[in-house]
Q: 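To start, I am sharing the structure in question, which I have written as structure tokens.
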Amino acid sequence: MYSRIDFHLLNPFTRLRIPLPSLESIGDGNIFRRVSDGRGFNFIDKAVLWVDEKSRDYLVVWNFGSIFGYRKKGDDNNNWKVFLPFKHVVYIDMVFKENKLYVLSLTQKVSVYDFSGDDSPVNCANFPYLPLRNDIIYIPPGSHYKVAVTLSGEVLIILARVEPYPRTRCFFDVYKMDPKSSEWKMIKSIGGEALLLDLGITVEAKVMKNCIYFSSDQFRRYNGNSLCNDYNNNDIHVYHIRTDQVVQVFEDLTASPTILFKDARWFFPTFGGNWLL
């Protein structure tokens, strides 16, 4: 990614476009150069967007490595503000909900930062690590970790994995913090809610309860695995947590011979009184 590239927020329904600063305008202007590879290129690992339905205030947060950049609507200067939670810590996923940013590290530790104030975000909560194997970071082959937040504010860690034999199948292990033991416990139900994996949130479900909505491209995006055939890598799936089965596949949505899809993702326009732009 080129450091001077132009960024925008785009409303896919109204086509409203809001300009954002370039990556070159980070903090004192030198942070990007220090962490880039010397050629002006780098990759944003993850980005989240929150928009208030009534005021249209917005917040954009993204990271590469241990550096986080963020911008709120109305910020005076045309720069990205920067905060570094911990140096030399790799963050692999994050979710923003109700003024709080939940970040998941490579060691499967979750930290929470409050963005409700006018100053820099404040660390307001930390969750312990998932148990490690022999005291080392363990990521099973063909898998990746995600963080999510439920409607009631409970934090989940999801291990998404692919098992290729005897046939390619995906599985999701869902962990929730046990308030009594302060340990992560695997669960087989999220009640009457459904998890949108890309957004990292749960929503109230009337039909497909206790399910995870995801696209096959998520596995290719994170660990190079594909759940689909060579002709269509963007199938959209619904996975039932208790039965460990994919219960529905929406392959017709991405099977058009005239439209080439780079990726397919679930999204929910309105939740908790807020919108995704």
Side-chain angles (χ1 to χ4, degrees), residues 1 3 23-38 40-50 59-72 79-117 119-149 153-161 173-177 182-184 197-201 218 221-224:
M1 181 175 292
S3 62
L23 285 183
E24 197 173 40
S25 58
I26 299 176
D28 62 4
N30 295 317
I31 293 180
F32 182 86
R33 297 184 183 91
R34 289 198 296 267
V35 299
S36 67
D37 61 4
F41 288 86
N42 216 308
F43 293 95
I44 290 179
D45 297 320
K46 180 76 175 180
V48 292
L49 165 67
W50 172 84
L59 172 71
V60 181
V61 185
W62 50 260
N63 83 295
F64 49 86
S66 60
I67 298 177
F68 286 76
Y70 68 98
R71 180 171 177 81
K72 298 180 181 179
N79 291 333
W80 293 97
K81 296 181 179 178
V82 170
F83 76 102
L84 289 79
F86 298 97
K87 292 184 178 180
H88 311 302
V89 175
V90 177
Y91 295 95
I92 57 177
D93 196 30
M94 60 181 171
V95 173
F96 190 86
K97 184 176 181 180
E98 298 177 354
N99 291 317
K100 291 182 174 62
L101 182 72
Y102 301 77
V103 295
L104 175 67
S105 72
L106 183 62
T107 54
Q108 290 86 62
K109 178 182 179 181
V110 178
S111 300
V112 187
Y113 295 88
D114 190 342
F115 278 76
S116 59
D119 299 325
S120 298
V122 177
N123 181 212
C124 59
N126 292 286
F127 295 85
Y129 303 95
L130 266 177
L132 303 180
R133 175 175 292 187
N134 298 326
D135 295 325
I136 63 173
I137 298 173
Y138 176 66
I139 300 180
S143 66
H144 60 276
Y145 287 92
K146 302 281 289 180
V147 63
V149 183
E154 294 180 305
V155 179
L156 307 176
I157 292 180
I158 298 94
L159 171 60
R161 53 192 173 89
D173 297 332
V174 182
Y175 297 87
K176 184 174 73 172
M177 176 60 60
S182 296
E183 296 179 351
W184 294 99
L197 195 61
D198 251 325
L199 296 182
I201 60 164
Q218 286 178 302
R221 199 186 319 149
Y222 289 108
N223 52 41

Q: Please test Val48 against Val95 for side-chain contact (heavy atoms from CB on, under 4.5 Å), starting from the C-alpha separation and ending with a verdict.
A: CA-CA 7 Å; Val48 292; Val95 173; 5.7 Å; no
Q: Nearest 0.5 Å please: distance from the CG atom of Leu199 over to the NZ atom of Lys97.
A: 11.0 Å
Q: Hey, is the main chain of Val112 close enough, under 3.5 Å, to the side chain of Asn123 for a donor-acceptor pair?
A: yes
Q: Quick one: NZ on Lys46 to OH on Tyr91, what's the gap to the nearest 0.5 Å?
A: 16.0 Å
Q: Start with the C-alpha distance between Leu104 and Lys146, add both sets of side-chain angles, then the distance that settles side-chain contact (heavy atoms from CB on, under 4.5 Å), and finish with yes or no.
A: CA-CA 7 Å; Leu104 175 67; Lys146 302 281 289 180; 5.6 Å; no
Q: Can a donor-acceptor pair be found, under 3.5 Å and without considering hydrogens, that links the side chain of Asp93 to the backbone of Val147?
A: yes
Q: For Gly69 and Trp80, which heavy atoms make the closest approach, and how far apart are they?
A: C-CE3, 4.2 Å
Q: Provide the closest heavy-atom pair for Ser66 versus Pro85 in the form atom of the first, atom of the second, distance.
A: O-CD, 3.7 Å
Q: Could you measure the distance from the CG atom of Leu156 to the OH atom of Tyr175? Nearest 0.5 Å is fine.
A: 12.5 Å
Q: Return the OH to CD distance between Tyr129 and Gln108, rounded to the nearest 0.5 Å.
A: 10.0 Å
Q: Taking the inter-plane angle between the rings of Phe115 and Phe96 on a 0 to 90° scale, is it parallel (under 30°), tilted (30 to 60°) or perpendicular (over 60°)?
A: perpendicular
Q: Taking all atoms of both residues into account, what is the closest heavy-atom pair of Tyr70 and Val82, and its distance?
A: CE2-N, 4.2 Å
Q: Apply side-chain contact (heavy atoms from CB on, under 4.5 Å) to the pair Leu101 and Met94, showing each step before the final yes or no.
A: CA-CA 7 Å; Leu101 182 72; Met94 60 181 171; 3.9 Å; yes
Q: Within a strict 4.5 Å, meaning less than it, do heavy atoms of the Ile92 and His144 side chains meet?
A: no
Q: Can you check whether Lys100's main-chain N or O pairs, donor with acceptor, with Trp50's side chain at less than 3.5 Å?
A: no
Q: Side chains of Pro121 and Phe83: closer than 4.5 Å at any heavy-atom pair?
A: yes
Q: Less than 4.5 Å apart, side chain to side chain, heavy atoms only: is that true for Ser116 and Glu98?
A: no
Q: Between Met177 and Ser182, which heavy-atom pair has the shortest distance, and what is it?
A: SD-C, 3.3 Å
Q: Tell me if the centroids of the rings in Tyr113 and Phe68 come within less than 6.0 Å of each other.
A: no
Q: Could you walk me through whether Tyr145 and Ser105 pass the side-chain contact (heavy atoms from CB on, under 4.5 Å) test, one step at a time?
A: CA-CA 9 Å; Tyr145 287 92; Ser105 72; over 6 Å; no
